Colleague: 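I'd like to ask some things about the structure below.
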Amino acid sequence: MSASTDSVELVGDEATGNIARAVLFAAATSATAPVDMVHPLAPNVPITLQTVWVYLAGVVLGPLWAGVAFTLYLLAGLIGLPVFAGGNAGLGVILGPTGGFLIGFPLAAMTIGAVVHGRDGLTPPSEVPIPRLVVGLLAGTAVVYAAGAVGYSLVQAIGLVAAVSAVVVPFLPVAGLKIAATVAIVRSDAIVAR
Amino acid sequence: MITVDGYTYRYDDVAAVDDVSLTVDDGECVVLAGPNGSGKTTLVRGFNGLLTPDEGEVRVNGRPVADDLVAARTSVGMVFQDPRDGFVAATVGADVAFGPENLGLERDEIDRRVADALDAVRMAGREDDRVADLSGGERERVAIAGALAMDPDHLVLDEPFTGLDLRARESVLDRLRALRESGVSVVVVTHDLRDLYSLADRVVVLSDGSVALDAASPSASELEALGVRPP
Amino acid sequence: MITVDGYTYRYDDVAAVDDVSLTVDDGECVVLAGPNGSGKTTLVRGFNGLLTPDEGEVRVNGRPVADDLVAARTSVGMVFQDPRDGFVAATVGADVAFGPENLGLERDEIDRRVADALDAVRMAGREDDRVADLSGGERERVAIAGALAMDPDHLVLDEPFTGLDLRARESVLDRLRALRESGVSVVVVTHDLRDLYSLADRVVVLSDGSVALDAASPSASELEALGVRPP
Amino acid sequence: MRFDATGDTVVNRLDPRAKLFVQAAVAVAAFAHTSPRGLLVLTAFALGVCWVAATPVVDSLRSYRAFLPFLVAAPLVEGATLGAPWFVPADAVGPGLASYRVVVLLLVSTAYIRTTPVRESRAAIQSLLPGRVGVVLGAGVGFVLRFLPLLRDDLSTIRAAMHARLGTARSLRERIRLVGVTGLRRVFGRADRFALALQARCFAWNPTLPPLAPTWRDVPAVAVGVALLAWAVW
Ligand SMILES: Nc1ncnc2c1ncn2[C@@H]1O[C@H](COP(=O)(O)OP(=O)(O)OP(=O)(O)O)[C@@H](O)[C@H]1O
Ligand SMILES: Nc1ncnc2c1ncn2[C@@H]1O[C@H](COP(=O)(O)OP(=O)(O)OP(=O)(O)O)[C@@H](O)[C@H]1O
Ligand SMILES: O=C(O)CCCC[C@@H]1SC[C@@H]2NC(=O)N[C@@H]21
Ligand SMILES: [Mg+2]
Ligand SMILES: [Mg+2]
């Protein structure tokens with residue numbers, strides 16, 4: 001064995017666990033986003049599972065590592081992995097019409113993490129009181145759609161009101177469904193915290 | 001040298017490993033056998049601190065694992081029972097290089113080790129294949145190469161031969177023999193002694209979490225009674 | 001009866017299985033052997049339509065698999081090479097019950113089959129254990145039980161014995177023998193014939209995706225030359 | 001879509017950091033000059049880049065066809081009015097130019113993707129971001145690459161597992177639930193086991209980085225980037 005191993009600075013076991021989980025959330029979002037659906041009332045913004053993963057990441061990982069998870073997701077897309085809606089990739093997409101949503105993902109995941117877990121440590125997901133969970137998810141939803149609308153209006157050079165009616169209003173029922181699904185998942189035994 | 005002293009590990013109050021003590025000398029090959037669920041995997045995961053025993057301790061080269069994780073992890077190489085659990089990169093070459101990279105070696109040395117390790121498992125030239133696309137036995141070989149490339153002082157392999165075909169098995173056995181000659185200690189977990197006997201200096205059999213036998217050449221009937229396939 | 005006719009399957013233009021034809025009669029046990037990467041898994045996944053060959057076809061009891069997937073899957077039980085790939089439920093009991101539930105059986109009958117299948121793999125009484133917490137060999141046993149509980153006409157097992165200890169192996173072999181007696185056809189994938197010989201009516205060896213040998217009692221030297229461990 | 005870059009053009013041999021810089025500079029310039037003249041210049045530049053990088057323009061745009069409704073819809077919506085004359089072309093000009101800008105940026109980023117292996121991009125991230133942040137994000141992206149095909153396969157293995165035991169007999173709702181719950185369970189299980197793998201393989205804060213060797217060839221590329229930025233602020 002080489003002498004240089006004295007200088008090896010191992011990543012601590014706790015950080016390793018958090019990195020592993022952030023990676024898995026980024027990869028899960030990446031694996032599901034290419035499968036998208038056309039919204040009958042807003043054919044220009046695809047319906048995807050991205051925000052469900054944003055919600056779950058905030059609840060499961062807390063603010064810091066949920067933020068890392070979606071920063072990884074954006075980086076993966078930036079360098080060319082086909083991870084955005086419809087299997088797209090590249091800076092052109094991040095600066096494109098749906099880019100506001102993409103940039104909103106890490107911000108929203110951090111917001112949810114902060115609201116759900118507060119300042120002192122992580123609460124096991126199944127023990128978070130439902131009202132607090134719902135408030136957190138609503139706050140995250142607000143962040144995603146605010147970012148999405150602002151991005152759309154900047155990139156397409158149209159007014160904010162027009163942007164909101166084009167990319168926010170049609171998605172409110174979808175968002176409601178996803179919040180309900182997230183609460184159900186968090187309360188089921190699918191997530192075992194270990 | 002690996003020294004295990006009163007190792008006890010419980011999953012929800014049930015002891016999967018119960019007060020196990022044993023020693024593996026440098027250059028020694030110990031086969032750790034025992035039927036399914038006897039605690040083999042749970043025991044060896046303590047050798048590099050992946051599990052921390054509830055009682056007892058493991059020392060590597062005399063130092064408690066818990067006190068010096070860096071020493072334990074860099075000097076104990078480990079191959080997981082399910083090879084898929086051990087992969088960290090997308091392609092074969094990148095995966096085998098991961099350990100050496102994290103040891104901070106020079107790029108040349110890393111490339112040399114990767115080539116050598118893939119050669120030992122008969123996977124030379126497969127560097128750019130994606131690990132997700134490998135067949136079962138190919139996966140197992142790459143996992144072994146990943147540990148070999150770290151050039152560890154101690155090598156722990158958890159059922160490494162189950163998926164290997166005849167030639168790969170012989171090639172890996174040859175490499176293990178050579179490593180043992182050069183002073184590396186080798187721990188092989190198995191429940192079937194048939195292929196390993198030529199390599200084993202000692203056989204330790206676990207039964208229900210405790211050492212039921214620790215002998216250089218146990219008899220076939222002893223082994224069978226303990227649920228282990230004799231050579 | 002399973003009939004394979006000119007089966008060819010390519011991953012990105014490389015044929016992993018290349019024009020394979022073979023027949024497995026009712027009540028016959030065929031061992032499908034071959035070194036790592038020779039295409040065994042790719043071939044058997046076509047037997048119940050999990051893969052569709054690029055050329056050729058598979059017929060089960062005379063009907064092309066592609067024409068009636070439900071019939072093929074009802075009559076062909078399959079154990080995956082990696083048992084974790086096959087689990088669909090959180091606990092052992094729920095997982096083994098999954099198949100029988102889908103057959104629309106009465107609850108009593110389901111419970112009976114689950115108990116019987118777990119018994120055959122020596123996992124009786126472990127119904128409430130979580131599959132994620134099982135040891136490697138225990139996982140393999142539960143995967144086998146999941147297929148047994150469906151009471152299929154044809155049973156395909158992809159390297160089912162690699163992780164099984166002596167007693168579990170014998171218990172499973174006994175059950176396979178009994179099934180064969182009762183007319184079930186059994187296909188066992190392996191690269192090591194040592195334990196299976198007593199069961200095998202015929203050995204088919206794949207080499208680089210093609211049938212290199214199909215014989216009732218091949219000689220040891222023939223097998224070794226093809227990279228398969230002789231009995 | 002493909003996973004990794006192939007080919008051997010001049011652009012392939014540039015340092016990924018230089019390429020990322022030029023890409024960002026094009027974006028800044030495009031936002032600063034969203035005028036017919038500015039976009040004309042940038043179109044010429046983007047086509048030039050595609051040509052040098054051997055990136056087929058039409059094929060690349062076709063792979064983004066999901067975006068097309070977007071690009072057409074925005075100017076139409078903005079130009080439309082609720083009464084005669086029903087459509088005011090002048091109002092549609094701004095959004096129209098903005099939509100076109102998206103096309104230009106997509107082209108440039110496609111050229112980057114097609115000429116830069118993920119491994120190099122990862123090295124660029126790790127060398128651009130300092131210390132531990134660089135390790136987490138740089139190594140992290142590499143790990144995402146490892147799990148992406150796996151999790152994609154997981155969706156199909158879960159389906160295969162259910163099909164092999166006739167899960168198709170269950171209702172659609174139950175099947176969706178099962179795939180979801182089983183999928184989540186697998187994701188979490190994998191995360192736990194992956195953490196152990198990293199530990200066993202000595203995951204460290206100070207690994208040997210993949211080699212990146214800037215050469216004289218990068219100088220003109222960086223100069224072009226600087227020029228684009230200067231033009232943007234002007
Ligand atoms: N995470 C866990 N939670 C609860 N019980 C566990 C867990 N992991 C293992 N066990 C149990 O502990 C016992 C020992 O498991 P271990 O994996 O150490 O066995 P093993 O000797 O390696 O068996 P095999 O030959 O099947 O690999 C088994 O009965 C197993 O069911
Ligand atoms: N998804 C895939 N994509 C590309 N190549 C693949 C894929 N799956 C398998 N292969 C390749 O096809 C060949 C045959 O694989 P297969 O899994 O059928 O082999 P096998 O005979 O079952 O081997 P083993 O004994 O190792 O399980 C191998 O060389 C493998 O690398
Ligand atoms: O291009 C991308 O990858 C981003 C797509 C953004 C889709 C948004 S996210 C919020 C809203 N809910 C959906 O299902 N789709 C949109
Ligand atoms: Mg084990
Ligand atoms: Mg196989």
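Values in this document were obtained by computation on a predicted structure and should not be read as measured data.
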Colleague: With the side chain counted from C-beta on, respond yes when D/Met162 and C/Phe98 share a heavy-atom pair under 4.5 Å apart, and no when they do not.
Modeller: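 Side chain of D/Met162 against side chain of C/Phe98, heavy atoms only: contact under 4.5 Å found.
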Colleague: Should we count CG of C/Asp25 as having more than 12 external heavy atoms under 6.0 Å?
Modeller: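 Yes, CG of C/Asp25 has more than 12 neighbouring heavy atoms, counting only those of other groups under 6.0 Å.
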Colleague: Which bit of C/Ala90 is near chain D, if near means a heavy-atom gap under 4.5 Å: side chain, backbone, both or neither?
Modeller: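 Its backbone and side chain both get close to chain D.
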Colleague: Kindly indicate, with the supporting measurements, whether the criterion side-chain contact (heavy atoms from CB on, under 4.5 Å) is fulfilled by C/Leu69 and D/His163.
Modeller: CA-CA 9 Å; C/Leu69 275 178; D/His163 286 173; over 6 Å; no
Colleague: Under a 4.5 Å heavy-atom cutoff, which of C/Arg84, C/Met150, C/Met78, C/Arg45 has the most pairs with chain D?
Modeller: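 Ranked by contacts with chain D, first place is C/Arg84.
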Colleague: For the residue pair C/Val88 and D/Arg185, what are the closest heavy atoms and their distance?
Modeller: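 Shortest heavy-atom separation between C/Val88 and D/Arg185 comes out as O-NH1, 4.1 Å.
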Colleague: With only heavy atoms counted, which part of C/Asp82 is less than 4.5 Å from chain D, the side chain, the backbone, both or neither?
Modeller: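 Contact with chain D is absent: no heavy atom of C/Asp82 under 4.5 Å.
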Colleague: Testing the basics here: between D/Arg186 and C/Asp85, what is the closest heavy-atom pair and its distance to 0.1 Å?
Modeller: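 Smallest heavy-atom distance, with atoms named: NH2-O, 3.1 Å.
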Colleague: Which atom names give the shortest non-hydrogen contact between C/Gly86 and D/Ala161, and what distance separates them?
Modeller: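 Shortest heavy-atom separation between C/Gly86 and D/Ala161 comes out as O-CB, 3.7 Å.
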Colleague: Rounded to the nearest 0.5 Å, what's the gap from OG1 on C/Thr74 to CG on D/Leu166? Could you check?
Modeller: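 Between atom OG1 of C/Thr74 and atom CG of D/Leu166 there are 4.5 Å.
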Colleague: Among residues 169-178 of chain D, which residues come closer than 4.5 Å to chain C, judged by heavy atom distances?
Modeller: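 Interface residues of residues 169-178 of chain D: D/Ala169, D/Arg170, D/Leu178.
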Colleague: Specify the closest pair of heavy atoms between C/Asn102 and D/Arg165, including all atoms of both residues, with the distance to one decimal.
Modeller: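 It is ND2-O, 2.8 Å.
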